[in-house]
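To start, the structure under review is shown below, and the notes come after it.
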Amino acid sequence: MIKDWIKSGNPWIWLTASAVSVSLILVFGLLLLIATRGLAHFWPKDLLAITYLDRAGETRNFIGEIHGSEIVSAERLRDSGFDINVDNTLYERLLLKIGNRDLGGQDFKWVVRSRIQQQSLPAAVFAAERREWGNFYGYLVAVKQEGEIVAQGEHAVSALEERLGRAQELYEQIRDIEKDEIGAINYGMERLRLKQRKMELDKNDSPENLQSIEQERSEYRQQYDALQNQLIKLYKDIERDAIVAKTADGQEVDLPLAKIVRVYYPNAMSLFGKVLFYLEKILEFVSDEPREANTEGGVFPAIFGTVMMVMIMSVMVTPFGVVAAVYLREYAKQGILTRTIRIAVNNLAGVPSIVYGVFGLGFFVYFLGGNIDQLFFPESAPSPMFGTPGILWSSLTLAILTVPVVIVATEEGLSRIPKAIREGSLALGATKAETLWRTVLPMASPAVMTGLILAIARAAGEVAPLMLVGVVKLAPSLPMDANAPFLHLDRKFMHLGFHIYDVGFQSPNVEAARPLVYATALLLVLVIVVLNLTAIAIRNHLREKYRSLEQ
Amino acid sequence: MPTENTSLLEHRKEALARRRKWRTFIDITANYGVGFGGVSVIIAIVLIFFYLLYVVLPLFANASIQVMGEYSAPGGSDYSSELIALEEQNEIGVRFTHGGHAIFFNAGTGNIIEDVTLAIPPGTAITSFTQGNPVTRLVAYGLSNGRVIVARHQYQLSYPSDQRVITPRIEYPFGEEALLIDEKGRAISQLELRATGEALSVVALLEDAEVLIAHYDRQESLLEEEVSLQRTVFTVDHGMDFVEYLLLDKEQRNLYLADRSGAVRHYDLSDRESAVLLGTTSVIEQGAQISCFAFLGGELSLLVGDTRGRISQWFTSQDALGNKKLVRVRQFQLDNYPIIAIAREERRKGFVAADDKGNVGIFHSTAERRLLVEQTPQPVKFLGLSPRANALLIEDKAGSYRFWKIHNEHPEISWSSLWGKVWYESYGESRYIWQSSSASNDFEPKLSLTPLVFGTFKGAFYAMLFAVPLAIMGAIYTAYFMAPRMRRMVKPSIETMEALPTVILGFLAGLWLAPFVEDHLPGIFSLLLVLPVGVLIAAYCWHALPGRIKHRIPDGWTAALLVPVVLLISWISLSLSQPLELWLFDGNMRSWLTNEMGVSFDQRNALVVGFAMGFAVIPNIFSIAEDAIFSVPKHLTIGSLALGATPWQTMMRVVLLTASPGIFSAIMIGLGRAVGETMIVLMATGNTPVMDMSIFQGMRTLAANTAVEMPESEVDSTHYRVLFLAALVLFMMTFLFNTLAELIRQRLRVKYSSL
């Protein structure tokens, strides 16, 4: 019976089927992995208070969130310094995020489960997200104002809430002044400097001109001084309050409210409270700026940079791709040459993106950018304006990288339009250009859209070339702001994909940053999957449309 | 009224004509506009290739010279020269004469700028001269009373009224007074010295053939702010009949003594109190004599010029037993006349040599390249190479000077240095190495692309090993056996994978998969073995089930059925990983591999890259192969089935055979993508350029290397151009794979339509 079964070829069919299953498991497993890890990050985890016998045999107290667990052999534990004599047994160990990096030096700790002597989930434990040193976990003792204790015990909780709101308001004000207003003044001053330099270079630096520049400058300076005074006052205000907190091992520390982003009591939270907290965290993630070398806070600048770069790229890639496709399909004589060109264009879509990055760096940044600087911005020398990586060059490089995608998709759309439609239009007396503009292109527009969406999906996920032509880990200002001319094409920018690479691999505290990277990855995957599914849907819709036309 | 009508008609006609003209104009404009636009986009795309080529080509250009001036010896030819040299900006030359003059002159015209007489004590005669390490610009005159004068030619840049002015001067860094070498006051007939900021070492050959070494240490006493020199002297017992050449390296540690017949004695001076003989080597072939003996830049290698026009490079190399020995590494040929002068480049491993016939040659040692040979009418006596190696001063026997500008930007690149094994300085053998930069100035760049290309293919190989079976088998099933409804869902979901940003795959591979694999090594390997077997067992069990249950699930949904099976098998083998590790490998497979098998294990290794990059190329291969199999004309398969073949037989003998070119092209496309993949490799390997096929070690690929090094490389430097070359190689490789695939696919399409 087995023999017959083998002869029928069925086992091999089952094997090929298993390849499909494995591929599907891989795809969905990967998406699931990213989704669970990315989404779980924002959920307020319970804070576990444990009493633990550490490897030196001393009892210590910790408070922390469980971040993961693994099964290890006695051998490995012995290697890491535990005094274990039993062989051939497996131990479970937990990764605890214990926070308080300023006190203990490290955020994370592996604990062996069997050596935990006591554990509990005390409701009074609070977690404080701080602007420096990561999270703090402990018990609230008192609230201080200018060094004097003003609230203790149960009153402390409400007092803290109230005062934290005030501190946050002040912080917002400080940030507005520092970032927007002082930023605008610095930008204006820099422009003045360039203007003056240009006058000198043009031999146009008459005393009157210099005088007017000096006047503007002194205005800026006055504004700056005013803001500076305001800042000093705000800083004094924000430093008024602090809290006294007790860590797991009983140490009391002062935490100034100026450095605290948010305080919460995860063990005491209701489910509803947790959901609210979760949504609030997600909102913060997509709309806020990164903190602590990108390992905390949000990714708004990266989202903004990615979207903006892709938009500039789309503006450039669509007309060129469409014109090239129309030329190839409608105007050029079909023959060996067009076939060769078609093959070449097709192949360019498969050329590694890093090659485009190298090209972009050499040609756009150094060659084009360098020459633009020399011709139009001699005043900014020796610091380059366009002769350095920036968002314009990134967009251009990605435009070149994705133009084959648009060409191929548009051509496919054009080739699907029945000949009868063109001939009908021509027979009614329309010129070729009119036929193209009035009938062919509108009918091909969904195909163009498909191409564009595919191009955008590819561009949004591409990182390697951007590393060469304009992406940075932390851009001081967005490429678009309130300072004329509003759009700053010469600026460097942040990018979701590069953010993942940078935070995951270049950051000093990878373990702490990891959940955030998952979240960023999830965001990127979502954007790209949605774009791709749209493209596929449009393509199918298009096919249906012309199928009915052909009949 | 009729007239009115006519005029209206006329008017309308006119308008129509105008409109028609306008439409024709638009049509023609569109025609040309689209033509122009289309062609320029295509040109722009092609430009990539030519731009890369344009940047790369200068690497392979030969050197060239440009004659900037010819004049007779500045200061007259009454005195013979000892040394000629140029300063950094190539504006001023200096000539040290035998009489103790330093004559500074304009390098372009030969006009004297300043003639400085060195502080030679009265009553003594100059008996010898030497130049220190050219980087230090030190010179020294040996005197007849056993003393030495050490001087330095120095150039000061200033910018009065925005104009660059260079002022030359002579300094005495170790005091204006002549330093005492030999207490007995014997004349110094040969001299050699090296100095760092604090220490000076002088080697002197005295008139009675004794070799003395004097070390001076500068000691600054805090109280008196006075500088004093601490002196230690000792004799080298060399036992040679006639020492002709002395060389001391810049570390003041290795001393080489040579005679004309080619015997070189190598001494170690590290203990600063005695010279230890390390070995005696004959550096000359029979019948020739040494005619020139010098260091290469960095002073690790010796250059030996002989009377037959050969220049050979020697350095101390350690063999497997740790014995140090002078070995000849390579040899260059200028012509067949005695080499008279060798001038080395200060910042690269190149040199200029000149012979008795008037030939001047430019060489590079690492690249084994002779970049240029130029003839001068008279035998050359002295060469002075500028610090940037872009200008050369030549003094010939007739006392006339030539000033050349040299264009020699990238001498270190040659076919052999890019692709071949190269014997780098202080290595024991020739090797393939990529190491493009270092902190030290005397660094010999090691720019062999071979390890990078090797790494590229290693990564691609493991990726294909994982991806090809999965993708092709999946394609076979999806295209031929799967239920159409399921296919409509499966295909887009696998194709969506293609668009997944590789940075995400790389990040998961580096931060999640790599530690996971390390922890579950036995489980992963057992999974690879158990999975096919488990699937077969499951298949048989299904087969053995009674038909009632079996027929509930229609044919073509096997893949869905197998999902839980595969999950179960994976879960079992991964959870068995720890016990397996305990049972077979003493609880730690990683250390077992290292200790028992001698296999070194990187956490980010080829296995991880294979999984991650394989995952990235599966959709590419799957999609194209599936298309190829699916579009095999139906009448072929129906015919085969009608003749009694089983579906599997039809698949293997008819469908696969017909679609095989398409499958091949799918693999080619996948390979192209794996070769050029950057982010995954960057994040999932350690990026070390090792040449080792081991699955437990990492690699460095062309793409990842470019991504890492490009932002730091200086524009138009050799390193920059070599990185462009790497990009060009990558471009051509993928272009080749893709074109091949595309051509095959097109032929297949023709074949199908004819069937």
Side-chain angles (χ1 to χ4, degrees), chain A residues 5 8-9 11-23 25-27 71 73 75-76 88 90 320 323-324 326-328 331 341 343 346-348 350-352 354-355 358-359 362-363 366 431-433 457 461 463-464 467-468 497 500-501 504-505 514 517 521 524-525 528-529 532 536, chain B residues 23 26-27 30 34-35 37-38 41-42 45 48 51 55 470 473-474 476-478 481 492-494 496-497 499 501 503-504 507 511 535-536 539 543 558-559 562-563 566 578 582 587-588 615 618 646 648-649 672 676 678-679 683 703 706-707 710-711 715 724 727 730-731 734-735 738-739 742:
Chain A
W5 180 63
S8 72
W12 315 126
I13 297 178
W14 277 75
L15 269 188
T16 55
S18 75
V20 176
S21 321
V22 169
S23 305
I25 290 173
L26 285 179
V27 179
I71 307 287
S73 59
E75 168 91 356
R76 286 200 192 187
N88 290 358
L90 296 174
F320 286 116
V323 164
V326 166
Y327 170 74
L328 277 178
Y331 282 87
I341 291 177
I343 293 182
N346 238 328
N347 286 356
L348 276 169
V351 165
I354 185 77
V355 174
V358 170
F359 171 76
F363 187 75
Y366 292 138
T431 62
K432 197 170 181 181
V463 177
M467 286 162 69
L468 305 186
I500 294 173
Y501 168 67
F505 287 81
R514 198 178 296 205
V517 187
L524 190 56
V525 168
I528 284 164
V529 167
N532 265 285
I536 290 174
Chain B
R23 285 173 59 200
I26 295 268
D27 194 38
V34 170
V41 168
I42 290 155
I45 293 177
I48 297 174
Y51 184 74
V55 177
L470 268 184
M473 277 161 57
I476 289 174
Y477 186 81
T478 312
F481 298 108
S493 42
I494 296 189
T496 310
M497 247 165 94
V503 67
I504 292 180
F507 144 70
L511 289 186
V535 167
L536 287 182
H543 175 73
T558 325
L562 274 173
V563 168
V566 172
Q578 295 278 353
L582 271 184
N588 197 340
F615 186 83
I618 282 178
T646 62
W648 182 250
Q649 279 168 334
T678 314
M679 293 315 287
M683 295 157 95
T706 312
M710 197 78 208
V715 185
F724 265 76
L730 211 53
F731 180 92
T734 46
F735 206 82
N738 290 348
T739 310
E742 186 64 29

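Letters A, B, ... are given to chains in the order of the sequence lines, protein chains preceding strands, and every chain is numbered from 1. Predicted, not measured: the structure shown is a model, and the values here were computed from it.
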[X] versus chain B, heavy atoms under 4.5 Å apart: side chain, backbone, both or neither?
X      : answer
A:L15  : both
A:I25  : side chain
A:N346 : side chain
A:F363 : both

Mind checking whether [X] and [Y] have side chains closer than 4.5 Å, heavy atoms only?
X      : Y      : result
B:F481 : B:I476 : yes
A:V517 : A:Y501 : no
A:S8   : B:W648 : no

Sorted by chain and number, sequence neighbours left out, ring pair (Phe, Tyr, Trp, His ring centres under 6.0 Å) with A:Y327 holds for none
Can you name the ring pair (Phe, Tyr, Trp, His ring centres under 6.0 Å) partners of A:F320, sequence neighbours left out?
-> none
Find the one option among A:V326, A:I528, A:L26, A:L524 whose heavy-atom pairs under 4.5 Å with chain B are most numerous.
-> A:L26
Contact leader toward chain B among A:A433, A:A457, A:S21, A:A521, where contacts are heavy-atom pairs under 4.5 Å | A:S21
Quick one: of B:I494, B:T478, B:V503, B:I42, who has the most non-hydrogen atom pairs under 4.5 Å with chain A?
-> B:V503
Between B:T706, B:T678, B:L511, which shows the greatest number of heavy-atom pairs under 4.5 Å with chain A?
-> B:L511
